[in-house]
Colleague: 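Take this structure first; my questions come after.
Residue numbers begin at 1 in each chain, while the letters A, B, ... track the order of the sequences.
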Amino acid sequence: MVKLPVKIIYMVFGKYRNGELSMLYNILIIDDSTTMRSIIKKIVKMSNLEIGKFFEADNGKTGMEVLEANKDEINLLLMDINMPVMNGIEMLKKMNENEELSKISTIVISTEGTSQRVEEAKNLGAKSFIRKPFDAKEIKEILDNLG
Amino acid sequence: MNNYKELFFQSVEKVLEKMFFILPETIEGDEVLEIIDDFEGSMFYLLNVSYSGEIDGVCLFYIPENLGNELVCNILGLESSDDFDDNCYPGDSIKEFGNMVLGNFMSENLSEKDCTLNIPEVTEETFSQDRLKENIDDWSVLNLDEKYLFFKIDTN
């Protein structure tokens, strides 16, 4: 078996923290609001996650394009539901058509928090559903638990 | 205040406090008419956000330019509009404000209804007091540090 140097492992997967290898997260943020993408990015940076790259998209269609082009890198999605062109629910359905994409951890951060919408998103694989207006601590806590 | 108007009012207050760190003060009665007179002809953002499905609703907000800038600064943690970059423009933050208010209103009051939140629209308009005075009782007014927010909800 070939042993990879720690540095290579770190570059590819993350880094050692407290003697353990921690996951490196390459994150796609999908929201039609630049304001909201900026806030979410700030909160992610405050979390304990080891962050690699940020990717951004302003609706589900461009989100799918970014995701498909970078599927080997992106391992966490933070997405809105209520977006033009392709909404978040439609994007989750598209992701479910592809086995590889359906496994990517997804957190929905949306104003559309009716019980039907929450259930629909969770049935389509969303790990968590955060309603806007949110408390930054709430998102940070969910992210901290991922890492 | 009718029930929907009151519940909507609570959602507006909640979003302003939680996401924009603004504590609003309610304006009522004759003071509303005095304030309306002061704004005739001023430029405002008109935010229109709606939901449709099992029941429909439309909300309108008149937001003065200086309040629009303050919303951007507060939500993004900026000192002033001088710090705006290409990613900061009031229209975007105002749309998100409308999204959150109506989304919160729907989650808390229409959770069992099959309704979809539509994409908000923002335009710049000259303030018309006649438009408000026609149905003055439908409108609510909040004082946000001497910047005034006018809004109403129509639902069926």
Colleague: Heavy-atom distance under 4.5 Å to chain A: side chain of B:Ser11, backbone, both or neither?
Modeller: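 For B:Ser11, no heavy atom lies under 4.5 Å from chain A.
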
Colleague: Heavy-atom pairs under 4.5 Å with chain B - which of A:Ile39, A:Thr111, A:Asn87 has more of them than the others?
Modeller: A:Thr111

Colleague: So, B:Phe20 versus B:Phe97, ring centres under 6.0 angstrom or not?
Modeller: yes

Colleague: If you count heavy-atom pairs within less than 4.5 Å of chain A, which of B:Leu110, B:Val101, B:Asp114 leads?
Modeller: B:Asp114

Colleague: Using non-hydrogen atoms and a 4.5 Å limit, figure out which bit of A:Asp31 sits close to chain B: side chain, backbone, both or neither.
Modeller: side chain

Colleague: Is there a donor-acceptor contact under 3.5 Å linking the side chains of A:Asn82 and B:Asn99?
Modeller: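 A:Asn82 vs B:Asn99: donor-acceptor pair found between side chains.
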
Colleague: I'd like to know if A:Lys93 pairs up with A:Glu90 as an ion pair, taking the criterion as any Lys NZ or Arg NE/NH1/NH2 lying under 4.0 Å from an Asp or Glu carboxylate oxygen.
Modeller: no

Colleague: Look at B:Glu108 together with B:Lys14 and state whether they make a salt bridge at an N to O cut-off of under 4.0 Å.
Modeller: yes

